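Just so you know, these numbers come straight off a predicted model, no measurement behind them.
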Amino acid sequence: MTPYDFKYPDTRRRRFRPIPVRMLVPNVITLLAICAGLTSIRLSIEGRMSLAVYAIVFAAALDGIDGRIARMIKGQSKFGAELDSLADFVNFGVAPGLMLYFWQLHELGNAGWIAAMVFAISGGLRLARFNATMDDPNKPAFAANFFTGVPAPAGAITVLLPIYVAFLDLGRWPAAMTAAYTLLIAFLMVSRLPVFSGKTKRMRVPPELVLPAFVAVIVFIALLIAYPWHVLSIGTVLYLLALPLGYKSYRDQARAMEASAPSGGEVTSPPSAPTLANLSEPPNDDDDRPGRLH
């Protein structure tokens with residue numbers, strides 16, 4: 001020990017406190033997702049678009065399990081929450097925008113770059129809004145089943161539809177059409193459209209459906225491996241067609257809540273996306289956010 005250690009014997013213990021392995025596992029998964037997103041950018045620069053799409057899908061799969069694993073093993077942390085947001089911005093904002101630019105949008109020159117940049121920025125804004133409003137005390141209970149706007153992973157998968165169609169030998173979309181579609185998905189990400197989250201905490205599978213559920217998951221993975229472009233194309237189209245259903249369900253539940261409220265009582269209005277003035281307010285120092293942002 002150095003003279004400094006003799007003088008302050010507890011300094012090393014306080015500064016280098018051991019970290020449980022369970023706190024590291026979710027962060028390692030998130031870092032793997034970032035590696036996949038960055039690799040997709042490199043592959044798209046090299047023109048290997050099929051592998052680049054696979055990398056984005058792999059990153060989306062990792063994003064779907066890291067938060068669940070963190071909650072399962074009680075490995076949530078604020079560090080992991082911020083790292084997860086950074087990963088989502090890189091993997092589902094920057095990477096898809098650059099992939100589309102290197103693949104086709106570069107043909108439009110500055111206009112194509114603007115479309116790719118708007119998509120990436122929309123992904124960042126969407127994540128910032130999610131972080132700023134996730135602890136809204138005025139949010140009704142049913143609103144926990146909905147996202148505000150298309151989530152970043154879904155936006156990344158859907159915005160690559162022109163690439164899926166091209167790999168199906170159905171012809172390339174015109175570059176202007178790809179740019180317009182990219183801007184449409186960017187708008188859906190930052191919109192106030194209620195979207196099914198599919199993350200209801202009380203979701204349970206009946207015992208008699210456990211084995212069929214396993215089989216369904218295996219069949220889906222097998223189809224995704226054998227027919228990736230068919231599955232991704234059909235899944236993207238079905239997801240976009242289902243967006244109005246989420247909006248209708250949200251409005252129906254909001255009206256039902258208002259109708260069930262006692263007459264003369266105060267009714268909590270449905271949550272809305274924050275304005276720029278709200279986002280510019282200083283954060284509350286007493287805010288204690290959940291560990292994972294999903």
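Distance check, rounded to the nearest 0.5 Å: CZ of Arg68 to CD1 of Ile73 gives 14.5 Å. How far OG1 of Thr30 is from CG of Leu62: 8.5 Å, rounded to the nearest 0.5 Å. Rounded to the nearest 0.5 Å, atoms CG (Leu98) and CD1 (Ile41) are 5.0 Å apart. To the nearest 0.5 Å, atom CG of residue Asp66 and atom CG of residue Asn27 are 9.0 Å apart. Rounding to the nearest 0.5 Å places CG of Asp84 at 8.5 Å from CD1 of Ile34. Atom CG of Asp88 sits about 9.0 Å away from atom CZ of Phe130, to the nearest 0.5 Å.
Each of Leu193 and Val237 belongs to its own hydrophobic cluster when Ile, Leu, Val, Met, Phe, Trp and Tyr are linked at side-chain heavy-atom distances under 4.5 angstrom. Linking ILVMFWY residues whenever their side-chain heavy atoms come closer than 4.5 Å, directly or via other members, leaves Leu170 and Ile234 in distinct clusters. Transitive grouping of hydrophobic side chains (ILVMFWY, heavy atoms separated by less than 4.5 Å) brings Ile56 and Leu51 into a common cluster. If you chain together hydrophobic residues whose side chains sit under 4.5 Å apart, Val231 and Met49 fall into the same group. Residues Ile121 and Phe92 do not share a hydrophobic cluster, clusters being chains of Ile/Leu/Val/Met/Phe/Trp/Tyr side chains in contact below 4.5 Å.
Of all the heavy atoms in Ala116 and Gly97, the pair that sits closest is CB-O, 3.3 Å. Considering all non-hydrogen atoms of both residues, Ala152 and Met189 come closest at CA-CE, 4.0 Å. Ala59 and Ala36 make their closest contact through CB-CB, 4.0 Å (heavy atoms, listed as atom of the first residue, atom of the second, distance). Nearest heavy-atom pair across Leu183 and Ala115 is CD2-CA, 3.9 Å. Across all non-hydrogen atoms, the minimal contact from Ile157 to Tyr164 is O-OH, 2.7 Å. Across Phe89 and Ala120, no two heavy atoms sit closer than the pair CE1-O, 3.3 Å.
Residues Phe167 and Trp103 keep their aromatic ring centres 6.0 Å or farther apart.
A donor-acceptor pair is defined here as one N or O able to donate and one able to accept, closer than 3.5 Å; such a pair exists between the side chain of Thr158 and the backbone of Gly155. Using a distance-only test at 3.5 Å, with no hydrogens or angles considered, no donor-acceptor pair links the side chain of Ser233 to the main chain of His230. Using modelled atom types, no side-chain atom of Arg48 and backbone atom of Arg42 make a donor-acceptor pair closer than 3.5 Å. Using a distance-only test at 3.5 Å, with no hydrogens or angles considered, no donor-acceptor pair links the side chain of Arg192 to the main chain of Gly149. Between the side chain of Asn91 and the backbone N or O of Ala33 there is at least one donor-acceptor pair closer than 3.5 Å. Between the Thr236 side chain and the Leu232 main chain, a donor and an acceptor come within less than 3.5 Å of each other. Within the 3.5 Å criterion, the main-chain N or O of Pro162 finds no donor-acceptor partner in the side chain of Gln104.
Other residues, nucleotides and ligands contribute at most 12 non-hydrogen atoms within 6.0 Å of the CZ atom of Phe187. With a 6.0 Å radius and a threshold of 12 heavy atoms from other residues, nucleotides or ligands, Tyr247 has its OH atom at or below the threshold.
For the pair Ile221/Leu224, no side-chain contact is recorded, criterion being any heavy-atom separation below 4.5 Å from C-beta on. The closest side-chain heavy-atom distance from Phe196 to Leu243 is not below 4.5 Å. Side-chain contact check for Leu105 versus Trp113: every heavy-atom pair is 4.5 Å or farther apart. When side chains are defined from C-beta on, Val215 does not count as touching Ile218, because their heavy atoms never get closer than 4.5 Å. The closest side-chain heavy-atom distance from Arg126 to Pro151 is below 4.5 Å.
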Go through the steps to decide whether Val150 and Ile185 satisfy the test side-chain contact (heavy atoms from CB on, under 4.5 Å), and finish with yes or no.
CA-CA 8 Å; Val150 172; Ile185 300 302; 5.6 Å; no
Begin from the C-alpha positions of Tyr54 and Trp229 and carry the test ring-ring contact (aromatic ring centres under 6.0 Å, His included) through to its verdict.
CA-CA 10 Å; Tyr54 295 155; Trp229 312 122; 5.6 Å; yes
Checking side-chain contact (heavy atoms from CB on, under 4.5 Å) for the pair Leu188/Val195: CA distance, chi angles, key distance, verdict?
CA-CA 10 Å; Leu188 291 176; Val195 179; over 6 Å; no
